[in-house]
Q: 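Got a structure for you, questions after.
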Amino acid sequence: MNKLNVKEIDEKWQNFWLKEKIIFKNTKKNKKFYCLEMFPYPSGKIHMGHVRNYAIGDVLARYKSMNGFNVLHPMGWDSFGMPAENAARENNLDPKDWTKKNITTMKKQLQSLGLSIDWDLEISTCDEEYYKHQQELFIDFYEKGLILKKETYVNWDPVDKTVLANEQVIDGKGWRSNAVVERKKLSQWFFNISKFSNELLDDLKLLDEWPEKVKLMQKNWIGKSIGCQIDFEIDKNNKIKIFTTRPDTIFGATFLALSVDHPMCKEFEKQKDFIEFKKRSSQVGTTEEAIANAEKIGFKTGLNAKHPFIKNKTIPIYFANFILMDYGTGAIFGCPAHDQRDFDFATKYNLEIIQVVQSEEFRENKKLKKAYTGDGKIINSEFLNNLNIEDAKEKIIQEIERKKIGKKKISFRLKDWGISRQRYWGCPIPMIYLKDGKVVPVDRSELPIKLPENVDLNSKGNPLANHPTWKKTKYKKTGESATRETDTLDTFVDSSWYFIRFCSPRLKDKPFDKKAFSYWMPVDQYIGGVEHAILHLLYSRFFMRAIKLNDTDIKVKEPFKGLFTQGMVCHETYKNEKGEWLSPEQMSKIDKSKVVVGPAEAMSKSKKNVVDPESMIKIYGADAIRWFMLSDSPPDRDIQWSNEGVAAAHKFIQRVWALNCRILERKNILSSEEEEKTFLVNINKYLFKITNLIEKFSLNVAIANVYESIRFLEENLAKSVSNQHFLNAQINIMKAMMPFTPHLSWECLSRLEGKDFYTKIEWPKIEKTLLIDDKVTIVVQIDGKKRGLISTNRDSLEKEVIDAAKKIENITKNLKDKKIMKNIFVKNKIINFITK
RNA sequence: GCCCUCGUGGUGAAAUGGUAGACACAAAGGACUUAAAAUCCUUGCCCGCAAGGGAGUGCCAGUUCGAGUCUGGCCGAGGGCACCA
């Protein structure tokens, strides 16, 4: 009996799958399954996170394929983005070449995992063949009014002359230039995602195969709140529109606060002290926490507004740094007694505080220490008095609408999606600027608008804008000269429709083929990390709706029917005496007493706790890596990588191989009906469990049952079971292992069935008749405590069970001095004697 | 600050309200071996040689014949949002 050469079988079967593509040869067209894992960014090498993501997906794809589904399991590359630009700059390369090289390496690495991916469908977002269609979609959306240009504030790096993403701003400085980042107003392109706010929120209900957590995160992100707008009059010609969700507290309003970006500002922009105040307002830290905890400051305008419900009462108007212009109307009324921010502000500027809500725990009190935001009854509010908050809200809105000074209004936290990036390595925005200032889309016949080659990435500012000729063009309709948009698209745009492109990836003239689309979409199971719970998934949902708006034949609303978010891959962290991070490799080479072992954390280069998948595959083979990755923790939880764990997985694979050899060498045994039956029942039960557990995504438990089934087979080698049944059992278990360890399974199966290859392997059939065991184990309890076990025939009656239970020595002993008051009997499960 | 999730052996974990710790890692002891590796077996907190018994799923209460599982409160860890009016 030889040891299995895992390297050999890895290569053998990987080549076979690539050539034969039999996993995708399915005849049953009516059962489709679109299995998709989030495509990777080609950063250079695959990491363990990829391995986990794609191992989970592959289990599902193979499992579904074996169950007769026509499976779509493609892979592509999210290949535009900053790292390519940075790497290119550092190494004096073309981003395209750098990206291509990485794709080649990573593709080979993914293939070495034995994934059942149809590489004929491979796409890469930086290919003209891909982004051409994206530009077409952009024009579609533009024509439907889903794209707009707006002025917004951006993080501006004055040295690099570029816009920075929030995460590129570190301590208020540019990550590369280290220059103090400025707030600059810039005209940028936006997708009008907020148009769908309500729909995107409501349709979360349709996503019953999504994790609740992700739906909740999206719900909070969209942030619907119901409130109302109210006009506050300054004088006959001027009024201020405010937004509030607490109109019930209007009698507690003691000031108005406006955003420093509010249109009212214009009247103050000549005043020195206002300019200074505005400057101070924008000088808060960059972290969100810093913003939230920043001191509340205000600028007194000297103006007063009339209180809409209290005669002759006026309240002062302030500009305040804590009011956001892009939420509500950019103005609020301050009710210090019932809003902590307003309370802080009022305390600082000595403004009146009027309590209008009272509860048991929060009686009316002249000296409030903090705002009260809880439930209660309305006080000090004329016609609202004694109402609860909900009723008061309703009544005051009615009153406001009757007086025509405002109306009920729903506000969303979700803002439009800014898609302009002042970068080179992205999809060019297919718009041009005409001489008269008009902005128009390029003619569709001119697509794709290709990125120029040989750009200078080292000069400051946007490389496309700096290019000597690229932006110069002509407007096809009139022939007049025009200038190209030099911004490129956010890479989230690329990934917002790639799953659609996979349905017809080679189609030349259109983004997708409708027939292929309606067959494959939606994605049945999408798998990826939680880090994309909001943006990527929300943007994709938006795209689906935008495409639907453009083409009424499209019936699919939600792109991803099922979503699964896998956990991260963690590893222990190590530090030496100096407190420097050590890699697992370094750590194994030095004196262990000098190493401080830290808790397991997500693998990251900065903590040096990464393990390279490629080297692991070389040592243990693809199956062992896949097996361990899935065996140790539920797939949605973090997993702790351990080399002992993979080594054990490898040992197990050898054990299965050894078992396979022993079965092939097994001498036929005269079978006994009873032993054979028990054998078949057990094998069938394992298959049944494994099937259900895969369906439930409990892959770790499925694997635990494979372990048990293999041990069961080992222990039964000498039992009176015919060779034919034994062989059959092993064939079925190997099939059940196939999604996890495809190389081992194919190798074992080809030996067991004496064939070199297979046309198609089907999932083992579960014999329903064998699932019901004749014997059951019943727990015997006295007063709820377990005192023994009995084995009885299935469906034994209460009396029989009681008689049998009372024959157990331990039960007799324990019942001796007690009187049984009653019995609790649950068929096939439990008998509980209650004594007193 | 608001919202959500999770607390089970040395570790990762399992358990439709019904045998807590399946399965695996690590550790200790043992078997085989001249020895080691490999492999296999046993143990797992307390009492007991054992049979068996006791405690036991973050803490405190409750519902139930019976709670890791359900309910309420507390403590702890992780995640999301964060001046959103």
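In what follows, chains are A, B, ... by sequence order, proteins preceding strands, each numbered from 1.
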Q: What's the CG-P distance between A/D632 and B/A26, to the nearest Å?
A: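 After rounding, the gap between these two atoms is 11 Å.
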Q: Taking atom types as modelled, is there a side-chain donor on A/N198 or A/K224 under 3.5 Å from an acceptor on the other?
A: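 There is such a pair between these side chains.
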Q: Between A/A704 and A/N832, just flag the one whose closest nucleotide in RNA chain B comes earlier from the 5' side.
A: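 Looking at RNA chain B, the more 5' nearest nucleotide goes with A/A704.
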Q: I need the CG-P distance between A/D636 and B/A13, as an integer number of Å.
A: 10 Å
Q: Using the P atom as the reference point in each nucleotide, state the distance between B/C45 and B/A22 in Å, no decimals.
A: 14 Å
Q: What is the pairing partner of B/A35, taking Watson-Crick or G-U wobble pairs with both distances under 3.5 Å in any strand?
A: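 By the stated definition (distances under 3.5 Å), nothing pairs with B/A35.
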Q: Using the C1' atom on both, measure B/C70 against B/G18 and round to a whole Å.
A: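 Going atom to atom, C1' in each nucleotide, I get 15 Å.
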Q: Using a cut-off of less than 4.0 Å, is there contact between a side-chain N or O of A/R787 and OP1 or OP2 of B/G53?
A: yes
Q: So, is A/R637 close to the B/A14 phosphate, meaning a side-chain N or O under 4.0 Å from OP1 or OP2?
A: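 Yes, because at least one side-chain N or O of A/R637 sits under 4.0 Å from OP1 or OP2 of B/A14.
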Q: Taking any heavy-atom pair under 4.0 Å as a contact, classify A/I323: base, sugar-phosphate, or nothing.
A: base
Q: Counting only Watson-Crick or G-U wobble pairs whose two distances fall under 3.5 Å, which nucleotide matches B/G76?
A: B/C6
Q: Could you identify the nucleotide paired to B/C81, looking across every strand shown and requiring Watson-Crick or G-U wobble geometry with both distances under 3.5 Å?
A: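 Per the H-bond distance test, B/G1.
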Q: Between A/R655 and A/E714, is there a side-chain N and carboxylate O pair less than 4.0 Å apart?
A: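 A/E714 and A/R655: salt-bridged.
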Q: Find the distance A/R655:CZ to B/C40:C1' and express it as a whole number of Å.
A: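 So the two atoms are 11 Å apart, to the nearest Å.
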Q: Given the C1' atoms of B/G9 and B/G44, what is the spacing between them in whole Å?
A: 8 Å
Q: Give the rounded distance in Å between these two atoms: CG of A/L216 and P of B/C3.
A: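 Result: 11 Å.
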Q: How close or far is atom C1' of B/C83 from atom CZ of A/F243, stated in whole angstroms?
A: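 After rounding, the gap between these two atoms is 15 Å.
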Q: With respect to the phosphate group of B/A85, does any side-chain polar atom (N or O) of A/S225 fall under 4.0 Å of OP1 or OP2?
A: yes
Q: Taking only side-chain nitrogens and oxygens of A/N705, does any of them come within less than 4.0 Å of OP1 or OP2 of B/A22?
A: no
Q: Scan A/T245 against the nucleic acid and name what it touches under 4.0 Å (heavy atoms): base, sugar-phosphate only, or nothing.
A: sugar-phosphate
Q: Can you figure out which of B/A85, B/C83, B/A20 approaches the side chain of A/K296 most closely?
A: B/C83
Q: Describe the nucleic acid contact of A/K224 in one word from base, sugar-phosphate, nothing, applying a heavy-atom distance below 4.0 Å.
A: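 Answer is nothing: A/K224 stays at 4.0 Å or more from every strand.
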Q: Does a salt bridge link A/K215 with A/E212, judged by any charged N lying under 4.0 Å from a carboxylate O?
A: yes
Q: Before accepting this row, confirm whether a basic side-chain N of the pair A/K348/A/E295 lies closer than 4.0 Å to the acidic partner's carboxylate O.
A: yes
Q: With both distances kept under 3.5 Å, what pairs with B/U42, Watson-Crick or G-U wobble?
A: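 Its partner is B/A28 (Watson-Crick or G-U wobble, both distances under 3.5 Å).
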Q: Sub-3.5 Å donor-acceptor pair from the side chain of A/H650 to the main-chain atoms of A/Y620, do we have one?
A: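 Yes.
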Q: In terms of the nearest nucleotide of RNA chain B, which residue is placed more toward the 5' end: A/E715 or A/F322?
A: A/E715
Q: Which nucleotide in the list B/A85, B/C83, B/G12 gets nearest to the side chain of A/N321?
A: B/C83
Q: Please tell me which of the listed nucleotides, B/U19, B/A85, B/C65, lies nearest to the side chain of A/T777?
A: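 So the side chain of A/T777 is nearest to B/U19.
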Q: State plainly whether the residues A/K785 and A/D783 are in salt-bridge range, i.e. N to O under 4.0 Å.
A: no
Q: Looking at A/R711, does any N or O in its side chain come under 4.0 Å of the phosphate oxygens OP1/OP2 on B/A24?
A: yes
Q: Within the structure, does a side-chain N or O atom of A/N810 lie under 4.0 Å from either OP1 or OP2 of B/G53?
A: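 Yes, such a contact exists.
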Q: Could you give the CG-to-P distance, from A/L414 to B/C81, as a whole number of Å?
A: 14 Å
Q: May I ask you to say what A/Y707 touches in the nucleic acid, namely base, sugar-phosphate or nothing, with a heavy-atom cut-off under 4.0 Å?
A: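 Touches sugar-phosphate only.
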Q: Checking all strands, does A/E212 fall into the base, sugar-phosphate, or nothing category for heavy-atom contacts under 4.0 angstrom?
A: nothing
Q: Between A/D339 and A/R246, does any side-chain N to carboxylate O distance fall below 4.0 Å?
A: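 Salt bridge: no.
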Q: Counting heavy atoms from C-beta on, name the nucleotide in B/A85, B/A82, B/C3 closest to the side chain of A/N220.
A: B/C3
Q: Rounded to whole angstrom, note down the C1' distance from B/G21 over to B/A13.
A: 9 Å
Q: If we call it a pair only when both distances are under 3.5 Å in a Watson-Crick or G-U wobble match, what pairs with B/U57?
A: none
Q: Ignoring backbone atoms, test whether A/Y327 places a side-chain nitrogen or oxygen under 4.0 Å from the OP1 or OP2 oxygen of B/A85.
A: yes
Q: OP1 or OP2 of B/A13 versus the side-chain N and O atoms of A/S633: is any pair under 4.0 Å?
A: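 True: A/S633 side-chain N/O within range (under 4.0 Å) of B/A13 OP1/OP2.
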Q: In whole angstroms, how far is the P atom of B/C81 from the CE atom of A/M217?
A: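 These atoms are roughly 6 Å apart.
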Q: Take atom CG of A/D342 and atom C1' of B/G1, then tell me their distance rounded to the nearest Å.
A: 15 Å
Q: Determine, for A/F345 and A/K296, whether the Lys NZ or Arg CZ falls below 6.0 Å from the six-membered ring centre while staying within 45 degrees of the axis.
A: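 That pair does not qualify as a cation-pi contact.
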Q: Does A/K785 make a side-chain N or O approach to OP1 or OP2 of B/A55 shorter than 4.0 Å?
A: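 It does, given that an N or O in the side chain of A/K785 lies less than 4.0 Å from OP1 or OP2 of B/A55.
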